[in-house]
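We use all heavy atoms of the structure for the numbers below, so side chains are in, but hydrogens, waters and symmetry mates are not. Chain letters run A, B, ... following the sequence lines, proteins first, then strands; residues in each count from 1.
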Amino acid sequence: MTESSFSERVYELVCRIPQGSVATYGQIAALAGNPRNARVVGYALHSNPKPGVIPCHRVVFRDGSLAPGFAFGGPERQRELLEDEGIRFIPPKDGESKPAGADGWLVDLSRCQWKA
DNA sequence: AAGTTGACCAAAA
DNA sequence: GTTTTGGCCAACT
């Protein structure tokens with residue numbers, strides 16, 4: 001094995017997310033080998049060692065919302081990108097509860113959550 | 001070298 | 001029902 005760092009593995013996994021699918025931080029962490037290490041996943045992406053190479057917009061919260069100000073240019077931009085990739089978005093319904101990070105639009109994890 | 005923070009997640013008060 | 005705390009592990013100061 002060449003390099004085995006948690007972040008490295010995270011980048012690899014995130015880069016491996018197929019177009020039209022999204023993964024949650026917890027899932028990436030779990031796939032990386034540490035289901036409790038979701039924070040480090042976010043930290044790794046925040047570090048953004050490879051700008052333009054890592055599709056951070058495909059990584060979302062457990063609720064299906066994204067980071068409201070860290071994803072990239074803007075939340076609407078992300079919605080456009082994901083939607084363009086074929087990801088189904090769900091408008092904030094009254095019964096959804098929870099604050100919506102990105103504009104209130106949540107990714108339909110029921111359909112687009114990436115499966116290893 | 002040690003302490004603090006952090007793109008999270010889940011449970012308890 | 002909402003708000004706060006706890007906990008994991010790695011990187012930053």
Rounded interatomic separation in angstrom, taking CG from A:L45 and C1' from C:dA10: 13 Å

Rounded distance in Å - CD1 (A:I17) to C1' (B:dA7): 13 Å

Rounded distance in Å - NE2 (A:H46) to C1' (C:dC12): 11 Å

Rounded distance in Å - CD (A:Q27) to C1' (B:dC8): 14 Å

Whole-Å distance separating the CG atom of A:D63 from the P atom of B:dA7: 16 Å

Base C:dC9 paired with A:R36 side chain (donor-acceptor, <3.5 Å): no

Chi angles and distances behind the side chain to side chain contact (heavy atoms under 4.5 Å, CB included) call for A:V14, A:I28: CA-CA 7 Å; A:V14 174; A:I28 296 288; 4.1 Å; yes

Sugar-phosphate only, base, or nothing, as touched by A:N34 at under 4.0 Å among non-hydrogen atoms: sugar-phosphate

Interatomic distance, A:L31 CG vs C:dC9 C1' [rounded to whole Å]: 17 Å

Rounded distance in Å - CZ (A:F61) to P (B:dA10): 12 Å

Side chain to side chain contact (heavy atoms under 4.5 Å, CB included) between A:I54 and A:L45, intermediate numbers included: CA-CA 8 Å; A:I54 302 173; A:L45 294 175; 3.6 Å; yes

A:R88 and A:E83 ion-paired at < 4.0 Å: no

Proximal nucleotide (of C:dC12, B:dC8, B:dA7) relative to the A:Y43 side chain: C:dC12

Exercise: do A:D63 and A:S65 side chains pair donor with acceptor under 3.5 Å: no

Spacing of A:Y25 atom OH relative to B:dG6 atom C1', expressed in whole Å: 12 Å

Of A:F6 and A:R39, the one whose closest DNA chain C nucleotide lies more 5': A:R39

Distance below 4.0 Å between A:S7 side-chain N/O and C:dA11 OP1 or OP2: yes

